[in-house]
Amino acid sequence: MQVRKQRWLLAGLMTALVLTGGALKLWQRWQHSHFDCRGDIEVFAPDSRANITLRYIFDGDKGVTLLRGVMTPENGEPVEINHRVWFTFTRNGNDFFLHSQNITSNESGDVVPAGLAPILPTFYLQPGEPFYLDIMRIDANNRLLFTSRVPSVLCKA
């Protein structure tokens, strides 16, 4: 009788360990495609300058990038940037392949300020455009985003 109880206890313990390991693996996989981080960039162009905060929100196979900031043309008034890019994505390891779906900008809806075109890739300006990001997790709260293998943004959760 005692041996039978020990076998059931051992089987229960092994089952609990396997389920816990599986749950941890699923949690880690979920975290790789469900995260939110924010980073700042400063862009210098021949005729303008922009300070932009980028916020990337990844949720499964969809996401949105929020761009907020100020663009200052060389000889003009500062222009507020309030821009959104909804996208789908696939990932392979640290490689994220984004595809823009819907673009809105500022309060008027879909009007993209003319000064953004020379300083942003077309992914941020037009639907249907691809974009590649290599996202390296540094620690629990920070990720480094690379474009073309060059560090672009330190993104903090």
Side-chain angles (χ1 to χ4, degrees), residues 18-157:
V18 168
L19 290 174
T20 301
L24 284 173
K25 190 73 167 169
L26 286 173
W27 173 251
Q28 286 176 336
R29 187 174 295 152
W30 183 85
Q31 280 187 315
H32 284 292
S33 60
H34 293 79
F35 63 91
D36 176 345
C37 67
R38 179 185 324 249
D40 297 314
I41 61 171
E42 193 166 353
V43 181
F44 297 94
D47 58 350
S48 65
R49 177 180 173 185
N51 292 313
I52 301 172
T53 297
L54 290 164
R55 180 176 177 200
Y56 284 93
I57 302 169
F58 290 87
D59 185 19
D61 63 351
K62 294 179 252 173
V64 64
T65 302
L66 309 172
L67 293 88
R68 302 237 193 297
V70 176
M71 180 182 58
T72 308
E74 190 174 87
N75 297 322
E77 290 292 317
V79 176
E80 290 282 327
I81 298 170
N82 183 6
H83 192 75
R84 292 173 191 85
V85 180
W86 283 268
F87 59 85
T88 58
F89 75 95
T90 57
R91 71 180 287 269
N92 183 9
N94 289 339
D95 298 324
F96 286 71
F97 301 95
L98 286 62
H99 195 259
S100 60
Q101 299 295 310
N102 187 22
I103 314 289
T104 60
S105 195
N106 296 340
E107 300 306 319
S108 59
D110 60 359
V111 178
V112 177
L116 284 180
I119 63 174
L120 293 175
T122 55
F123 167 81
Y124 294 101
L125 305 171
Q126 298 174 12
E129 291 293 321
F131 192 64
Y132 164 77
L133 282 175
D134 181 1
I135 302 177
M136 183 188 318
R137 188 177 191 145
I138 297 173
D139 58 32
N141 296 321
N142 297 300
R143 290 175 169 83
L144 192 55
L145 279 59
F146 293 81
T147 54
S148 301
R149 305 292 179 207
V150 176
S152 299
V153 178
L154 177 60
C155 207
K156 299 181 179 200

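At least one donor-acceptor pair under 3.5 Å links the side chain of Asp139 to the backbone N or O of Asn142.
Here CG of Leu67 is found 6.5 Å from OG1 of Thr65. Values are rounded to the nearest 0.5 Å. The structure places CD1 of Ile135 at 8.0 Å from OH of Tyr56, a figure rounded to the nearest 0.5 Å. Rounded to the nearest 0.5 Å, atoms CZ (Phe87) and CG (Asp61) are 10.5 Å apart. With rounding to the nearest 0.5 angstrom, the CZ atom of Arg143 is 14.0 Å from the NZ atom of Lys156. Residue Asp134 holds its CG atom at 9.5 Å from OG1 of Thr147, rounded to the nearest 0.5 Å. The structure places CG of Asn94 at 11.0 Å from CZ of Arg137, a figure rounded to the nearest 0.5 Å.
Looking only at side-chain heavy atoms (C-beta outward), His83 and Thr104 stay at 4.5 Å or farther from each other. The shortest distance between side-chain heavy atoms of Lys62 and Trp86 does not fall below 4.5 Å. In this structure, Val79 and Val70 have side chains that are not in contact, with every pair of non-hydrogen atoms separated by 4.5 Å or more.
Contacts of Asn141 classified as side-chain hydrogen bond (donor to acceptor under 3.5 Å, both in side chains), with partners at least two apart in sequence or in another chain: none. Applying the side-chain contact (heavy atoms from CB on, under 4.5 Å) test to Gln101 and every residue at least two apart in sequence or in another chain returns Thr88, His99. For Thr90, there are no side-chain hydrogen bond (donor to acceptor under 3.5 Å, both in side chains) partners two or more places apart in sequence or in a different chain. Listed by chain and residue number, Asp40 satisfy the side-chain hydrogen bond (donor to acceptor under 3.5 Å, both in side chains) test with Thr53 (two or more places apart in sequence, or in another chain).
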task: Could you go through the side chain to side chain contact (heavy atoms under 4.5 Å, CB included) check for Ile41 and Leu54 one step at a time?
output: CA-CA 8 Å; Ile41 61 171; Leu54 290 164; 4.0 Å; yes

Would you give me the side-chain donor-acceptor pairs under 3.5 Å for residues 45-52, sequence neighbours excluded?
residue	atom	partner	partner atom	Å
Arg49	NE	Glu42	OE2	2.9
Arg49	NH2	Glu42	OE2	2.2

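Checked by atom type, the side-chain pair Glu129/Thr122 shows a donor-acceptor distance below 3.5 Å.
Taking both residues in full, the closest heavy atoms of Phe123 and Ile103 are given as O-CD1, 3.8 Å, listed atom of the first, atom of the second, then distance. Closest heavy-atom contact between Cys37 and Leu145: SG-CD1, 4.5 Å. In terms of heavy-atom proximity, Leu154 sits nearest to Ile138 at CD1-CD1, 3.7 Å.
The cationic atom of Arg91 (NZ for Lys, CZ for Arg) does not lie both less than 6.0 Å from the six-membered ring centre of Phe97 and within 45° of the ring axis.
Taking the six-membered ring where the residue is Trp, the centroids of Phe96 and Phe58 are separated by under 6.0 Å.
Taking the six-membered ring where the residue is Trp, Tyr124 and Phe131 present perpendicular rings, their angle passing 60° and hence far from 30°.
Every pair tested for salt bridge (charged side-chain N to carboxylate O under 4.0 Å, His left out) that includes a residue from residues 65-79 fails, sequence neighbours excluded, so the list is empty.
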